Asks: 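Structure incoming, see below.
Below, read A as the first sequence line, B as the second, and so on, with proteins coming before strands; counting in each chain starts at 1. Bear in mind the structure is a predicted one, so any value in this text is a computation, not a measurement.
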Amino acid sequence: MIDLGTRLGPLKLKTPFMAASGTFGFGEEFASLMDLRDLGAIVINGLTLMPRKGNPPPRIVETPAGMLNAIGLQNPGLDVFLSRELPRLQKSQVKLIANIAGDTEEEYVILARELCTAGDVLIAIELNVSCPNVQRGGIFFGTTPSTLSSLVEKVRRVCTLPLIVKLTPNVTDITEIARAAEDGGADILSLVNTFQGMVIDTVSRRPFLGNKIGGLSGPAMRPLAVRLVYETYASVEIPLIGMGGIEALDDALQFFMAGAAAVAIGSASFSDPLTILRLTGELKNYLQRMNLPSLEGIIGVAHG
Amino acid sequence: MIDLGTRLGPLKLKTPFMAASGTFGFGEEFASLMDLRDLGAIVINGLTLMPRKGNPPPRIVETPAGMLNAIGLQNPGLDVFLSRELPRLQKSQVKLIANIAGDTEEEYVILARELCTAGDVLIAIELNVSCPNVQRGGIFFGTTPSTLSSLVEKVRRVCTLPLIVKLTPNVTDITEIARAAEDGGADILSLVNTFQGMVIDTVSRRPFLGNKIGGLSGPAMRPLAVRLVYETYASVEIPLIGMGGIEALDDALQFFMAGAAAVAIGSASFSDPLTILRLTGELKNYLQRMNLPSLEGIIGVAHG
Amino acid sequence: MLLCKAKVLRVEKLAIDCFSLLLEEKNLATGSLPGHFLHIRVGEGPAPFLRRPFSIAGTSPGEGFLQIIFRLRGAGTRILSRACPGDMLDCLGPLGNGFRPRENCKISVLLGGGVGVAPLLFLARRLKEVRERVVLYYGVSRGLEKIPVQNFLPPGVEINLATEDGSGGFAGLVTDLHRSHLQRGLRPEEVFACGPRPMMQRVAGMYRDKKVDMQFSFEERMACGVGACHGCPIEIKVGDSDTVFKRVCRDGPVFNPYEVVW
Amino acid sequence: MLLCKAKVLRVEKLAIDCFSLLLEEKNLATGSLPGHFLHIRVGEGPAPFLRRPFSIAGTSPGEGFLQIIFRLRGAGTRILSRACPGDMLDCLGPLGNGFRPRENCKISVLLGGGVGVAPLLFLARRLKEVRERVVLYYGVSRGLEKIPVQNFLPPGVEINLATEDGSGGFAGLVTDLHRSHLQRGLRPEEVFACGPRPMMQRVAGMYRDKKVDMQFSFEERMACGVGACHGCPIEIKVGDSDTVFKRVCRDGPVFNPYEVVW
Ligand SMILES: Cc1cc2nc3c(=O)[nH]c(=O)nc-3n(C[C@H](O)[C@H](O)[C@H](O)COP(=O)(O)OP(=O)(O)OC[C@H]3O[C@@H](n4cnc5c(N)ncnc54)[C@H](O)[C@@H]3O)c2cc1C
Ligand SMILES: Cc1cc2nc3c(=O)[nH]c(=O)nc-3n(C[C@H](O)[C@H](O)[C@H](O)COP(=O)(O)OP(=O)(O)OC[C@H]3O[C@@H](n4cnc5c(N)ncnc54)[C@H](O)[C@@H]3O)c2cc1C
Ligand SMILES: Cc1cc2nc3c(=O)[nH]c(=O)nc-3n(C[C@H](O)[C@H](O)[C@H](O)COP(=O)(O)O)c2cc1C
Ligand SMILES: Cc1cc2nc3c(=O)[nH]c(=O)nc-3n(C[C@H](O)[C@H](O)[C@H](O)COP(=O)(O)O)c2cc1C
Ligand code: FES
Ligand code: FES
């Protein structure tokens, strides 16, 4: 019997495949195509305390083997989420992880505290300290070790759910940032968010995106993300969730072997909404073929 | 009459298209395919004081819309270069730029001093403070502002040729590094070198490259490089050479509009060795069509 | 919404850089209404990375056929134009909210600019069944780009062509042609439009004071196509001074132009 | 070295996952020698990003034809296998240093493992014109993968087949077959090999004490293919204890196995 389950510190998942924040909505948009309970978890779109309008269009541009996005955390804000969205989601039996972003430490703390007691459809909190597409907050917290560990500490105090910190790749040394998050009390690290990029429209002679800068996701960035997971695995004790350009099983295996105990699928769901389920089946076959009773046997093996 | 010439501070080039270091050898390998004097300049493969053996194989792996390389600065060292390679190159009338890397400040200084007086086939010196594939030196100098400006200052003192500093993209804030190089006395900045990445061979369950980590080049990284050029342009006064994934004229135009006064073509020469000449012709047509007498009219226009 | 493979039956060149693609997929054909679109995966590998959205230009539910009409723009449409009969195309659809014609109404006007006419052909066919007059305005910049819209329409739909290069029909902008008809007494009760933004904006401007039901179909870059990513915003007025970004893919692509921030 | 477009004349399936490609390009056909390779651009877009190197398996200089034989491995060879007659393939070549047969010599032995036999077919044809005996050893793991080498060879070349699955010829490793012949008195004066590294290493090992001229063709990942990037290193002994990395593309692909660090 193959067990696809994976354990990330205090968090247990049925499968190691999650939907990445910002790419799968609350899952509902895809509900008619699959049984959402077959997903390891869905990390829902980034939430903020107050409603966010998001960035002006265009927000998306395709790039070689990838895309830039500059959504700008469009979301209805905590109150509307709690009163309008969550009750509906409660009934679905889906495993949801809330991705939260604040302008200030206080906002993160409020978001975490409120969401931890909001209902058991939420199984973890992911701190987004890595959004490249907003003016304040977001990535600011994710690039300075001391700022980050102080933030994580404060959130840790009110957070009764497993606490994930999502790291930005736009730093000189991710291991330093990762250790800061660990020191602050993170249970799990998730890496990576998108790389900052720009496309210039050579006809209008201006940056193409409304926000000028966007975040690169997709296969183009995969080797960069694998490296970051590999190096972070060697630097912290807490488990990792890997992501960045995963489309095929081999891609996911690279992240597992680099040290990720679970992976998230982001933009691949745009071209194939069934990516996560396909990979789930393929992983099962792979483990069977390799005579491995569970995923554990390959997590981090690339470190030799 | 269209003038394809471009001026980068003290450096004047016949065309704004250069061959990027490490991808075009000394040009000789391609000499039977084209007249090398039609190139703006060739930045030759990284040179070190002592011979470098380079990294164990494999050194190259293809990735989505790009590749990783981990050559490790294989080169015969300064002495052999000066005695064996340079005399031959002197005769060619090609414009060469030496790309140099050291383990210590002293090594950079010696390399720069010797090369500045070695012969007039060399028209500039490019400090490689951004090679991701060597243990010491290289990228170390390119990630700390104070270290970098001190290095550039020392080299500046002995460097009688235009001094280019080539920046790494693997930093939290490239503008800080760029300003440090400018403060140190760089005439020109060239950006960017490759992004650190990794591919794991899921059959052997080990990093694929002999050096484990390699540098990503090619179209995959283009949007990341354009962003870095755009931001650096707004932060320094000295001219920029842009590079990263340029294959087509539109790609080069993005860099020009972001603020580069010249661009370098790297891995695109692998799939099409004639890329630089093709782009040169296309740029001429473009300027004609747009009624622009020279490139200057579009450099940095994306900043509005 | 289905994720399915539709069989390519025919690829036809309609005009310069303009093609129609006839597909067979029973459920798509049955479920699609005018204004709906398909999100199509072109190519196999990682490039092109994203799906491409195309309006549905018509269906034959009985046979299980449906059609799109597209213009060559970049890599994705180039690949599509080379599809061969028998190829299976990965389609997500039908997506979006279609046009919602009025309950009781006699005269419908449809304005299509360029390939924007595609969803209007589908709509005109359905409307003709229930309206006294269906008046289609179709504008192209060059006559070479004109697709033979009459082949896609039942008899009785009034076709008014405008070409900017004067090579056929009215010489000038399709909006000017329409305006002249309004001045001569045309009184539509509902107006549908799809085309370049400046054209649609001109149409909206023409009706600023009128109490005519207007539904325009908009375009925006899309990633998911189903409402999950907020990648395809359109700015919509709320109350007197506020605005929000709605999703073209899920809240549209058809919007009331009075509510759109142009 | 030329950068040119070669016309695809024929794509033929030779065995499971194994194809031959017949190309027409006068100058390439004339300039290529056994051991040379082509660096071929597959596909149009950014993927696959790098060219793919393939040994030249034969030429007909008179007609301007040349041939490669390849095995399906990944995206690049899949695209190549779908080439159609008339397609123009962007080729850089001939590249590398070919095999350099001895001046005076009667018996040549060639050992090919899998598709590594490709350059040896070309070599065997040329050698047969000047040697008394040309003995080819050809090993495959499964009989299904066996290509009909006899069709590529002139009469008189002695073909010795080994299949690891025992489905034809000698049942076992091609190196064991060769060893048994050596034990029974075969005395080659020169040995050429191309195939998987372990196989070539076994061959080299067999001749450790002998004074036989040996030339093996090696593979490494390549970017430029012309010697500019140092991407394709092979470790070569220098003197007693030192080594350097040479470039497979420009200094090879043919090397003396005694000098290679295995
Ligand atoms: C709801 C909707 C319906 C559409 N219906 C039609 C139709 O019926 N016929 C038709 O010819 N075109 C239609 N379009 C536009 C069509 O999607 C684009 O022309 C097509 O995506 C271009 O792809 P490409 O790869 O050829 O071009 P490229 O320019 O190479 O595409 C690059 C990227 O930009 C996107 N893109 C480019 N142009 C547009 C555009 N106008 N709108 C949205 N995304 C764009 C592509 O999807 C892709 O992600 C529609 C767009 C939308 C949003
Ligand atoms: C000098 C030389 C001669 C060759 N001759 C032949 C031949 O005659 N017939 C034949 O079938 N194959 C030959 N090969 C191997 C052939 O180049 C690879 O099988 C091919 O590149 C695989 O491409 P792919 O896209 O199908 O595989 P993928 O695995 O998808 O390729 C990914 C990358 O790895 C490289 N790669 C994969 N395998 C090899 C390999 N064995 N050697 C070098 N690069 C590799 C590819 O070039 C590409 O850059 C030769 C290689 C070299 C270096
Ligand atoms: C359209 C889009 C929106 C995103 N929104 C968020 C977000 O709100 N919060 C967050 O932490 N990450 C967000 N991300 C980043 C993804 O969760 C993921 O880290 C990244 O896309 C890399 O994975 P991929 O290559 O599989 O897409 C977003 C990505 C995309 C493409
Ligand atoms: C094989 C290879 C070797 C390289 N060697 C060097 C080098 O020696 N010195 C250097 O400064 N950059 C080196 N680079 C980086 C390139 O000069 C260039 O910055 C990078 O490849 C991005 O451009 P591209 O995407 O056009 O290749 C190398 C790149 C490649 C692919
Ligand atoms: S494209 Fe994702 S919400 Fe519209
Ligand atoms: S592939 Fe560039 S040197 Fe061999």
Asks: NZ of D/Lys7: more than 12 outside heavy atoms within 6.0 angstrom?
Replies: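 Atom NZ in D/Lys7 is not packed in, count stays at 12 or less.
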Asks: Check for a donor-acceptor pair, side chain of B/Arg59 on one end and backbone N or O of D/Pro233 on the other, with a separation under 3.5 Å.
Replies: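 No; zero donor-acceptor contacts below 3.5 Å.
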Asks: Tell me, do D/Pro48 and B/Glu62 make a side-chain contact under 4.5 Å, heavy atoms counted?
Replies: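 Yes, their side chains come closer than 4.5 Å.
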Asks: Kindly compute the distance separating CG (D/Asp242) from NZ (B/Lys53), expressed to the nearest 0.5 Å.
Replies: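 So the CG of D/Asp242 and the NZ of B/Lys53 are separated by 6.0 Å.
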Asks: How long is the span from the NE2 atom in D/His230 to the CG atom in B/Leu73, to the nearest 0.5 Å?
Replies: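 Between atom NE2 of D/His230 and atom CG of B/Leu73 there are 10.5 Å.
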Asks: Do D/Arg51 and B/Phe270 touch side chain to side chain, with heavy atoms closer than 4.5 Å?
Replies: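 Sidechains of B/Phe270 and D/Arg51: no contact.
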Asks: So which heavy atom on B/Ser271 is nearest to which on D/Arg41, and how close?
Replies: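 Minimum heavy-atom separation between B/Ser271 and D/Arg41: O-CD, 3.7 Å.
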Asks: Please look at D/Leu92 and chain B and tell me whether the side chain, the backbone, both or neither of the residue comes under 4.5 angstrom of a heavy atom of that chain.
Replies: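 Side chain of D/Leu92 only, per the 4.5 Å heavy-atom cut-off to chain B.
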Asks: Counting only non-hydrogen atoms closer than 4.5 Å, does B/Ser269 touch chain D with its backbone (N, CA, C, O), its side chain (CB onward), both, or neither?
Replies: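 Contact with chain D: none, neither part.
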Asks: Can you tell which part of B/Asn75 gets under 4.5 Å to a heavy atom of chain D, answering side chain, backbone, both or neither?
Replies: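 It is neither, since no heavy atom gets under 4.5 Å.
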Asks: To the nearest 0.5 Å, what is the distance between CZ on D/Phe245 and CG on B/Asn55?
Replies: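 Interatomic distance, D/Phe245 CZ to B/Asn55 CG, rounded to 0.5 Å: 8.0 Å.
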Asks: Does D/Arg221 qualify as a cation-pi partner of B/Phe208, given the criterion of NZ or CZ under 6.0 Å from the six-membered ring centre and within 45 degrees of its axis?
Replies: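 Negative - D/Arg221 is either too far from the ring of B/Phe208 or too far off its axis.
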Asks: Return the minimal non-hydrogen interatomic distance between D/Phe49 and B/Gly218, and the atom names on each side.
Replies: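 Between these two residues, the closest heavy atoms are CZ-CA, 3.8 Å.
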Asks: Check whether any side-chain heavy atom of B/Pro273 sits under 4.5 Å from a side-chain heavy atom of D/Val226, and report yes or no.
Replies: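 No. Closest side-chain heavy atoms not under 4.5 Å.
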Asks: Walk me through it: do B/Gln74 and D/Arg247 pass the test side chain to side chain contact (heavy atoms under 4.5 Å, CB included)?
Replies: CA-CA 11 Å; B/Gln74 175 169 354; D/Arg247 299 162 299 183; 5.7 Å; no
Asks: Restricting to non-hydrogen atoms, name the atom on D/Ala223 and the atom on B/Ile60 that form the minimum distance, rounded to 0.1 Å.
Replies: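 Closest approach of D/Ala223 to B/Ile60, heavy atoms only: CB-CD1, 3.3 Å.
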Asks: Counting neighbours of CE on B/Met50 that are heavy atoms of other residues, nucleotides or ligands and sit closer than 6.0 Å, is the number greater than 12?
Replies: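 For B/Met50, atom CE is not crowded (no more than 12 foreign heavy atoms under 6.0 Å).
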Asks: Out of curiosity, D/Cys229 SG to B/Met67 CE, how far, rounded to the nearest 0.5 Å?
Replies: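 Going from SG on D/Cys229 over to CE on B/Met67, the span is 6.5 Å.
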Asks: What are the two closest heavy atoms between B/Leu33 and D/Leu3, and how far apart are they?
Replies: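 Result for this residue pair: CD2-N, 3.7 Å.
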